[in-house]
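Structure, as structure tokens:
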Number of protein chains: 4
Amino acid sequence: MARSTLDAIYYGAIEAFSEKGYNDTSMDYVAEKAGVAKGTLYYNFKGKDELFLYVMKRGAHSLTDVITNVFDQPADPVTKWRNYISTQLAFFEQNRSFFRLIMQNMWGPNLLESVTLHELFHDYFVRMDQELQKAQELGLLSESMDISTLSASIFGMLTIPAIRSIVHDLPIDEEKRVNSITHTVLQSFKGGETI
Amino acid sequence: MARSTLDAIYYGAIEAFSEKGYNDTSMDYVAEKAGVAKGTLYYNFKGKDELFLYVMKRGAHSLTDVITNVFDQPADPVTKWRNYISTQLAFFEQNRSFFRLIMQNMWGPNLLESVTLHELFHDYFVRMDQELQKAQELGLLSESMDISTLSASIFGMLTIPAIRSIVHDLPIDEEKRVNSITHTVLQSFKGGETI
Amino acid sequence: MARSTLDAIYYGAIEAFSEKGYNDTSMDYVAEKAGVAKGTLYYNFKGKDELFLYVMKRGAHSLTDVITNVFDQPADPVTKWRNYISTQLAFFEQNRSFFRLIMQNMWGPNLLESVTLHELFHDYFVRMDQELQKAQELGLLSESMDISTLSASIFGMLTIPAIRSIVHDLPIDEEKRVNSITHTVLQSFKGGETI
Amino acid sequence: MARSTLDAIYYGAIEAFSEKGYNDTSMDYVAEKAGVAKGTLYYNFKGKDELFLYVMKRGAHSLTDVITNVFDQPADPVTKWRNYISTQLAFFEQNRSFFRLIMQNMWGPNLLESVTLHELFHDYFVRMDQELQKAQELGLLSESMDISTLSASIFGMLTIPAIRSIVHDLPIDEEKRVNSITHTVLQSFKGGETI
DNA sequence: TATGAATGAGCTTTCATTCAT
DNA sequence: CATGAATGAAAGCTCATTCAT
């Protein structure tokens, strides 16, 4: 069945790429992890690039779903942001391989000429910008803040501690870490005056 | 002269690696960028790994110098942190290639079995942890904050906007961006109460 | 219908093979040109070799028909040879793809162990040898001429200018070219005395 | 030494390509025949195409030398043409592998976009055209003959019997064959009147 | 009869590394 | 100290062939 072959490749590829990184993952290894023949990879994808891009796109979509689902809920802003943080961190914990994969490749050189990897996360940042815009309109955020810079900063507040946890082989969602991250992110909204 | 050959290799290697990434940079290309013969690279280094490690170590040292110099100055905490942010961002701006190189490789799989790349930045985080410790002792920071998590978050607040600027080919130190980052980092110190 | 599938394969294969050569023509490409699925090729033929051989045999037969039809007509020798030349050249012009295919593969290494490609044209040369034999008996041709060498030479006089025309994308049957070839071939019969 | 490595590759490649044809000759096989490592082929040539082109160019040059040397000698036209035929046939006999290689590839699809193989033999045909021009001016050749067609025909008179000899594993220069070819070629000059 | 997803052997090519100079 | 010609292991990719439908 077309779907199950593609699924096998998807999950095998995530495992393979996150373990060894893009370059050190051979197509043979992906095929082995996916339980298909190497030729099957090339029957379904033009090449290694396209396979990797497929994995990243499918993953980026699921990541964007997280933020969309949270912010689409009716709730007061602070609750929304709390939910965002905990949901996002839980997603990272539950998809450690894929999250590591993203962090390894997000800022690298373009894989394909036409598609820079971080463009895949464009929607993610757009959604966050929308929420920050609202917060600014509600007076929760100083007018002087540059929103696209802030969304990047918030992304950093979450992801850098998370990736460090993974590198040190610790759970992301230890209580003290989640609390600290939550506190840090929410602080960035308090008041507008620079100290 | 030994030194100038090594320097030529150092700067050529940074340029080469940051442009193409570790794996897609051939020793031929490093040699070309450095203006030396390929054999010279192997005369000075055991192999590609060791060359790369040299570049990262030398760079990590200069990065750690930034934080050390700032925090060793006698000044009040807030001023120190302000200085840290602006100095660090200026360093990223002045060493865009090297900074990109770090961000691309910091969280990847180990290059050498014995040396994880992020270990190179161990001293950097130790120094930041020391300063956060002090801040906590001075009551600038809630007792409940997990310091190693916070130092990672602060690093994220700075670096993610910075790397996004580079990816989008914008200057890191546009006023609005630097102001926003400064504001965001300093906010994480204000008060201890979670919203 | 069996016949139309086979015909579709035949004409698609000629087009494909003459365009790209035997090796660079994939079964996928033949299938595409023929408008059938790849599996259909394997349903009708054992493999690529057998398919190619079928094309060449069917083509060789049609080529041999040309020479047979001409020389079976009752006419004086000179008229026969005139007819042969013009008919043969016209056939090449009307079957440019197939003719190119022959010229590309006639002298190559064996495709199958048991069948050398030029053996397919055995009958063609046999028929020409018969006519040269007759010419020799009629005194039109010196006794000292080696007939199998001459038949090859005559084939060369026709085909090399023809294939050059195709390579240069010119019509084979431009008047001056056909006249020159006709003249050259007929000259080889004139007199027996070596200059 | 650069020269001897290149020579080893040249002769190994001719042997390999003429035995198996371009496509069925692997770079491994060329390396084996040449007595060098496969990497050495790629150190000296960009790829298989370029290596093949080098072989053909070097060979085409030596072939053109044959015709040039003969026609540059001071002699009467008939002697020149006699010499051309015997010298050319002797060259084919002494370079059977290379000659077969030419005949297999001369009329095929382009190897490289920019260079059609038969263009390599441009000079060869130019030189022959010059001599035919002279013959025409001397009245040895009818004014109505198309020279570029005739040169192709003459090339065919020589090469088709020669390649057939090779395919049938016979010597090219058996007396009866050489005599027949000589006779046939010289006939094409006699008189101008079409029979 | 006809199909096309799946296969894997075998190819071209890259490139870190060595070593004679 | 420095060089660059030579190497060969390992990678990405192609495509003739098979077979369940």
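First the proteins, then the strands, lettered A, B, ... as listed; each starts at 1.
The nearest whole Å value for the distance from the NZ atom in B/Lys46 to the P atom in E/dC19 is 15 Å. Following rounding to the nearest Å, D/Phe45 (CZ) and E/dT14 (P) show an atom-to-atom distance of 15 Å. Computed from coordinates, the A/Glu32 CD to F/dA10 P distance equals 15 Å when rounded to whole Å. Between D/Phe52 atom CZ and E/dT12 atom P there is a gap of 13 Å when expressed in whole angstrom units. Summarising the geometry, the separation between NZ on C/Lys20 and P on F/dT14 is reported as 13 Å, rounded to the nearest angstrom. As rounded to whole Å, 17 Å separates atom C1' of F/dA16 from atom CG of C/Leu53. A straight line from CG of A/Asn23 to C1' of E/dT14 spans 12 Å, rounded to a whole angstrom. The CG atom of B/Leu41 sits 17 Å away from the P atom of E/dC19 (whole-angstrom rounding).
Between B/Tyr22 and B/Phe17, the ring planes are parallel. Angles under 30° get that label, and only those over 60° would be called perpendicular.
The partner of E/dC15 is F/dG8, by the rule that a Watson-Crick or G-U pair needs both atom distances under 3.5 Å. Figure legend. E/dT21 is base-paired to F/dA2; pairs are counted as Watson-Crick or G-U wobble with both atom distances under 3.5 Å.
No donor-acceptor contact under 3.5 Å links the side chain of D/Lys48 to the base of E/dT13. Residue D/Lys38 places a side-chain atom within donor-acceptor reach of the base of E/dT13, judged by atom type and a 3.5 Å distance cut-off alone.
Counting heavy atoms from C-beta outward, B/Phe52 and B/Leu101 have side chains that approach closer than 4.5 Å. Using a 4.5 Å heavy-atom cutoff, the side chains of A/Met27 and A/Leu51 are in contact.
Residue A/Asp28 is the one, among A/Asp28 and C/Gly39, whose nearest nucleotide of DNA chain F lies closer to the 5' end (criterion: closest heavy atom). Comparing B/Met27 and A/Ala37 by the nucleotide of DNA chain E that holds the closest heavy atom to each, the one mapping nearer the 5' end is A/Ala37. Between B/Thr25 and C/Tyr43, the residue anchored nearer the 5' end of DNA chain E, judged by the nucleotide with its closest heavy atom, is C/Tyr43.
Of the candidates A/Lys38, A/Glu19, A/Glu15, A/Tyr29 forms a side chain to side chain donor-acceptor pair (under 3.5 Å) with just one, namely A/Glu19.
Note on D/Tyr42: every side-chain N or O is 4.0 Å or more away from OP1 and OP2 of E/dT14.
In this structure a side-chain-to-backbone donor-acceptor pair under 3.5 Å is present from A/Lys48 to A/Thr25.
Picking from E/dT17, F/dA2, E/dG8 the nucleotide with the shortest atom distance to the side chain of B/Thr5 gives F/dA2. The side chain of D/Asn44 sits closest to F/dA6 out of F/dA6, F/dC1, E/dA6.
Within 4.0 Å (heavy atoms only), A/Ser26 reaches sugar-phosphate atoms of the nucleic acid but no base atom.
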